[in-house]
Amino acid sequence: MATATENLTSKDVLTDLRLFLQGVNREKQVSNQALTKSALYLLQTLPVARHAVFEYLCNVFEEAVQIQMKQLQFHEFNQDDLGESSNALDSIIQDACGVLFNFIKTNPAAWAPIISSWSLELLGHLSGKYSTHRGVPHSGSLNELLQLWMTCKPTKSLIEVATECFAAMVKGAPEVCVDSLLEASVKYSPHFDWVVAHIGSCFPTTIITRVLMSGLKDYYQHGGKPGEGHMSSDDKMPKMASAVGILGHLASKHGQDIRNALMKLFEASLTAESEMIRKTTIPFLLKLASLSPMLLNILTTDLINALTPEVLNQLNTILSQWKNTSHQEYESFLLLVVHLVIQSDIGAYQVLQFFLQAAIPTGTEAKVIHEDIQDTCSFLIDQLLREVQSAVYHRQNNGMVEVPFLASLTPKVKELTRMLLQSDGMISLWLMKLLSYVALYSGEECTSEILVCIISEATNYRQLSRCLDLQSTVEVKLGDVLPCTIHRLVDMLNTQQMDNVKQLLGNLLCLVQWESTSHVAKEYRSLYQYCIHQQWESFLPLLTNSDTKIAITMLKIINIVKLPKVLSSPVTLTLCSSLSELFFRILEIEDSKTAFEMVTVCKQCMKQLINSSYVQTTILRFFIEALFTKEISVLFGGKIDPSSLASEKDTYTKLKEENMKHGLSLTLPRSHSSVFHAGVIGKGLKPRTHVQVLKQ
């Protein structure tokens with residue numbers, strides 16, 4: 001009975017084999033349905049025929065896709081014939097996919113790798129062949145391309161078969177399916193990207209992890225072994241670019257998974273027993289970062305945070321052998337690090353802080369971090385500054401070079417400036433150079449912000465000298481930086497945006513005093529004296545500051561920069577009023593020595609004003625008016641009846657305060673602004689009141 005069944009099966013196989021060969025070779029007219037039925041039967045009963053059957057199925061899928069493309073292209077014409085052919089092929093494809101799904105389900109270990117490679121290869125072929133077809137979106141429009149191919153029944157069926165294969169292999173042999181995906185991506189990218197995006201979104205964690213491991217293996221096998229005297233090039237590692245492309249597709253929705261996978265790979269390399277993983281991971285990650293800005297951003301944030309002193313010492317142990325066996329290659333590796341830092345537009349400030357702290361550690365870290373790490377970080381900073389300098393001056397000459405590292409540091413100039421003021425030694429020199437490059441790169445606004453920060457926060461002459469050092473460096477390219485700085489200072493003072501006004505004016509006074517006494521100041525293109533002189537009227541409100549020391553400091557600055565020879569009437573009145581008020585405020589100071597020095601400052605300013613009789617008369621008027629006020633008259637021997645103070649306090653206001661309320665406002669009829677000192681318009685004069693006469 002068994003023999004009879006075997007003979008019957010053998011005869012059926014032979015019959016279907018002859019029918020299949022005759023149909024494929026066109027020796028006999030065989031319908032597509034019959035030919036496909038024979039092919040699928042052979043696939044189930046004669047495994048050796050699978051190559052021929054898969055080749056035939058490729059033709060079936062390709063014919064079905066061709067019909068779909070014609071329908072897409074000629075959608076406005078009669079498609080009855082095309083519709084009939086498409087329906088027939090859809091039925092054939094459905095039967096074929098049913099058989100394939102059954103193979104994957106019943107024997108995944110044997111069939112899933114074979115069907116996966118075949119389906120991915122066919123998808124890549126079809127995607128590339130019809131990439132230039134009318135109606136097919138450009139490969140850059142990934143979402144549109146994915147939508148097109150997923151609405152095409154043949155390609156949708158194929159990718160469902162491939163996804164089913166991945167699902168069957170993802171736990172048992174994930175490296176096999178990822179290798180197939182990478183190979184197809186290398187061969188058919190960028191037209192194959194939609195396949196990568198779809199499958200990757202179905203198995204993000206597995207795909208990301210295996211793609212990284214496959215890329216690491218490829219990097220190691222194609223010349224990425226540290227210490228062998230040569231660094232690998234991109235054309236020798238085709239899977240690297242493919243791995244970067246796959247990760248790039250997954251980044252939008254699975255960015256955190258990519259971050260976690262990269263960090264796990266890095267952490268595993270520190271304790272791995274495998275030499276490949278231990279020595280190759282860091283160069284591999286840097287190579288990935290050089291090919292992808294997205295991966296670079298991850299390394300400049302997450303990886304930097306993971307580099308503790310203990311981890312740095314572990315890395316030093318791993319890379320020391322590489323450094324000893326091939327110093328030139330190791331130096332090329334460090335230059336790649338510098339290049340990546342310059343290209344980083346996210347986390348640049350954190351990277352800089354890390355380099356500075358590792359190069360010259362303080363506190364307990366100074367004993368923990370190995371000297372080789374300190375020397376390496378110092379070398380990296382020097383090379384970084386050298387490359388940045390070259391890029392900045394090249395940009396100044398050509399206006400084309402972009403430096404993401406400096407652009408990322410521009411919003412952090414205040415933090416960098418404060419770091420400069422608090423540092424000394426090599427860190428101070430490094431930061432001074434870096435800030436000058438940031439200033440030259442970003443322009444006058446950024447430079448003025450740095451100078452204002454130094455002037456307002458410097459607490460000693462050494463810190464204040466940084467302002468002059470920076471000015472001498474940047475003024476060669478930025479000629480108007482000093483006027484811009486003074487203008488920014490005036491805006492901040494007038495809008496009361498500063499808490500340390502006294503310190504700022506003290507530093508400004510030091511600068512103008514130095515300029516007035518030092519011959520070195522003549523070497524600078526611009527002087528603070530000249531810039532303040534051009535905007536001196538904007539500083540006048542400081543003369544009426546409630547803090548007498550601030551007013552006197554401002555007056556000292558005005559005395560050094562000198563007043564213009566010709567003053568307008570409003571400015572003259574304002575200045576004379578402020579001087580007279582300041583003078584009488586000084587007289588109330590109990591310390592006679594301090595008061596005498598302040599009076600001398602006022603006297604120096606008044607000497608500049610009394611060149612004209614008009615100014616003399618104005619000053620004299622303000623002095624005489626002030627002498628008849630109660631507060632001032634007391635200083636010159638006047639006496640006030642104490643009993644009258646309480647009643648007069650609520651009744652009368654100072655003449656000056658009343659003038660200030662109305663002097664700068666418009667007088668509107670029939671409103672409160674029509675009130676003048678004589679009374680209310682339309683209601684007659686104010687009633688006369690008895691005023692207490694001062695006793696002599």
Side-chain angles (χ1 to χ4, degrees), residues 113 117 169 173-187 189 196 200 205-248 250 257-292 294-296 298-299 302-303 306-307 311-312 314-337 339-340 376:
S117 299
M169 294 188 294
E175 65 280 354
V176 177
C177 55
V178 171
D179 284 343
S180 300
L181 187 64
L182 283 173
E183 290 173 2
S185 181
V186 169
K187 188 175 181 180
S189 183
V196 173
T205 304
T206 301
I207 294 296
I208 291 169
T209 303
R210 298 313 307 179
V211 160
L212 287 175
M213 291 304 299
S214 181
L216 178 61
K217 183 179 179 181
D218 185 63
Y219 179 79
Y220 181 79
Q221 292 177 344
H222 291 83
K225 305 174 185 178
E228 291 193 353
H230 63 279
M231 293 291 287
S232 53
S233 57
D234 295 343
D235 55 350
K236 292 182 179 180
M237 297 178 297
K239 287 186 180 180
M240 283 286 294
S242 180
V244 170
I246 292 173
L247 295 176
L250 299 176
D257 292 329
I258 295 176
R259 289 177 180 271
N260 295 337
L262 286 172
M263 293 309 300
K264 286 181 180 179
L265 180 61
F266 169 72
E267 292 168 0
S269 68
L270 299 176
T271 57
E273 296 181 359
S274 170
E275 181 180 358
M276 179 195 75
I277 297 177
R278 189 173 64 255
K279 292 186 176 182
T280 314
T281 299
I282 294 298
F284 168 70
L285 291 177
L286 294 180
K287 188 68 176 179
L288 281 180
S290 68
L291 299 174
S292 170
M294 179 269 298
L295 298 177
L296 175 60
I298 293 176
L299 293 183
D302 295 37
L303 186 59
L307 294 178
V311 172
L312 287 175
Q314 286 181 284
L315 287 178
N316 181 62
T317 303
I318 293 173
L319 299 177
S320 58
Q321 185 178 358
W322 183 14
K323 178 181 178 180
N324 296 331
T325 55
S326 181
H327 182 75
Q328 184 176 0
E329 182 184 344
Y330 180 75
E331 189 169 321
S332 299
F333 163 74
L334 296 181
L335 293 178
L336 174 60
V337 174
H339 171 74
L340 293 178
T376 301

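Everything numeric in this text was worked out from a predicted model, so none of it was measured. Just the heavy atoms: all of them, side chains too, but no hydrogens, waters or symmetry mates, feed the values below. Numbering starts at 1 and runs along the sequence shown.
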From [X] atom [atom1] to [Y] atom [atom2], the distance as rounded to the nearest 0.5 Å:
X      : Y      : atom1 : atom2 : answer
Lys279 : Ile318 : NZ    : CD1   : 9.5 Å
Leu319 : Gln314 : CG    : CD    : 11.5 Å
Met213 : Asp179 : CE    : CG    : 11.0 Å
Ile246 : Ile208 : CD1   : CD1   : 10.5 Å
Lys287 : Leu295 : NZ    : CG    : 13.5 Å
Glu331 : Thr376 : CD    : OG1   : 11.0 Å

Find out whether [X] and [Y] are in side-chain contact, i.e. whether some heavy atom of one side chain is under 4.5 Å from a heavy atom of the other.
X      : Y      : value
Leu216 : Leu265 : yes
Leu247 : Leu212 : yes
Ile282 : Phe333 : yes
Asp302 : Leu262 : no
Arg210 : Leu181 : no
Phe266 : Leu299 : no

Nearest heavy-atom neighbours spanning [X] and [Y]:
X      : Y      : answer
Leu182 : Ser214 : CD1-OG, 3.0 Å
Ala306 : Met263 : CB-CE, 3.6 Å
Tyr219 : Pro283 : OH-CB, 3.4 Å
Ile207 : Gly200 : CG1-CA, 4.1 Å
Met169 : Cys177 : CE-CB, 3.2 Å

Note to self: Under a 3.5 Å distance rule, please check whether Thr209 uses its side chain to pair with a backbone N or O of Thr205 as donor and acceptor.
What the structure shows: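 Yes, because the side chain of Thr209 sits within donor-acceptor range (under 3.5 Å) of the backbone of Thr205.
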